[in-house]
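Counting from 1, the numbers follow the sequence of the chain as shown.
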Amino acid sequence: MLTGKQKRYLRSEAHHLSPIFQVGKGGVNENMIKQIDEALEKRELMKISVLQNCEWAKTEVADALVEGTGAELVQVIGSTIVLYKESKENKQLTLPR
């Protein structure tokens, strides 16, 4: 689990990022989870946008992605979800204690 301080740090790091994935009408599927998981391994921190035509609630999308990838939910703001997962190979971010 991330502490409040760590989440604040990750939010500030994610601020300048652009969403890499978009969740649309079909919602979340296995293939998307696999791709997001691979991208998280490379980047550690990423934004995912939920399109207006998505039939899932934003929180449902966030929960499905967290469950599928094992990532931490940093925040859901507007239609954007911010996820963090520590990389095994490409560690870039050092979280405050």
Going by heavy atoms in the side chains, are [X] and [Y] under 4.5 Å from each other?
X	Y	value
L45	L10	yes
E44	E86	yes
L83	L73	yes

Please list, one pair per line, the donor and acceptor atoms closer than 3.5 Å that link side chains of residues 87-97 to other protein atoms, with sequence neighbours excluded.
from	atom 1	to	atom 2	distance (Å)
S87	OG	E41	O	2.7
S87	OG	E41	OE2	2.8
S87	OG	E89	N	3.4
S87	OG	N90	N	2.8
N90	ND2	E41	O	3.4
K91	NZ	L93	O	2.6
Q92	NE2	K42	O	3.4

Qualifying side chain to side chain donor-acceptor pair (under 3.5 Å) pairs, either residue in residues 51-67, two or more places apart: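 Side chain to side chain donor-acceptor pair (under 3.5 Å) check on residues 51-67 returns no pairs.
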Cluster check L65, V50: I/L/V/M/F/W/Y, side chain < 4.5 angstrom: yes
Co-membership, hydrophobic cluster, residues M46 and V76, 4.5 Å side-chain: yes
Counterpart residues, side chain to side chain donor-acceptor pair (under 3.5 Å), relative to S79 (two or more places apart):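 S79 satisfies side chain to side chain donor-acceptor pair (under 3.5 Å) with no residue once adjacent residues are dropped.
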Could you list the donor-acceptor pairs under 3.5 angstrom formed between side-chain atoms of residues 14-36 and any protein atom two or more places apart in sequence or on another chain?
from	atom 1	to	atom 2	distance (Å)
H16	ND1	E13	O	3.1
N29	OD1	N31	N	3.2
N29	OD1	M32	N	2.7

Pairing residues for R11 by the side chain to side chain contact (heavy atoms under 4.5 Å, CB included) criterion, not counting sequence neighbours: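 With neighbours one apart ignored, the set is K7, R8, V74, Q75.
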Listed partners of K47 passing salt bridge (charged side-chain N to carboxylate O under 4.0 Å, His left out), at least two apart: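 So K47 forms no salt bridge (charged side-chain N to carboxylate O under 4.0 Å, His left out) with any residue.
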